[in-house]
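Beneath this line is the structure, given in structure tokens, with notes to follow.
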Amino acid sequence: DWPESYDQYCRIGGHARTDGDAWEYTLVRRWLQPGDSAIDAGTNLGLYSFAMADRIGPTGEVLAVDAD
């Protein structure tokens with residue numbers, strides 16, 4: 001269930017989880033602006049996709065691609 005995954009993996013502390021990936025999430029917040037488009041290649045669980053979507057908002061677009 002998407003909302004459950006989103007809550008469980010991405011909303012700890014009001015932003016994306018930061019256990020070991022803090023610098024990547026910092027880059028997402030610095031590089032992306034509301035309305036931007038972004039690609040997450042090799043998404044796995046989509047944690048970066050969720051973080052990107054939070055940052056760019058409803059006017060932006062995230063393309064998430066995984067091998068499976």
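Within 6.0 Å of CG on L63 lie more than 12 heavy atoms contributed by other residues, nucleotides or ligands.
For T43, the side chain to side chain donor-acceptor pair (under 3.5 Å) criterion is met by no residue, not counting sequence neighbours. Every residue meeting the side chain to side chain contact (heavy atoms under 4.5 Å, CB included) condition with T26, not counting sequence neighbours, appears here in chain and number order: R29, R30. A53 pairs by the side chain to side chain contact (heavy atoms under 4.5 Å, CB included) definition with V62, not counting sequence neighbours. Listed by chain and number, the residues in a side chain to side chain contact (heavy atoms under 4.5 Å, CB included) with Q33 are D36, R55 (sequence neighbours excluded).
Between S49 and D40 the shortest heavy-atom distance is OG-OD2, 2.8 Å. Considering every non-hydrogen atom in both L32 and S37, the closest pair reads CD2-O, 4.5 Å.
Two residues are said to be in side-chain contact when any heavy atoms from C-beta on lie closer than 4.5 Å; L45 and F50 fail this criterion.
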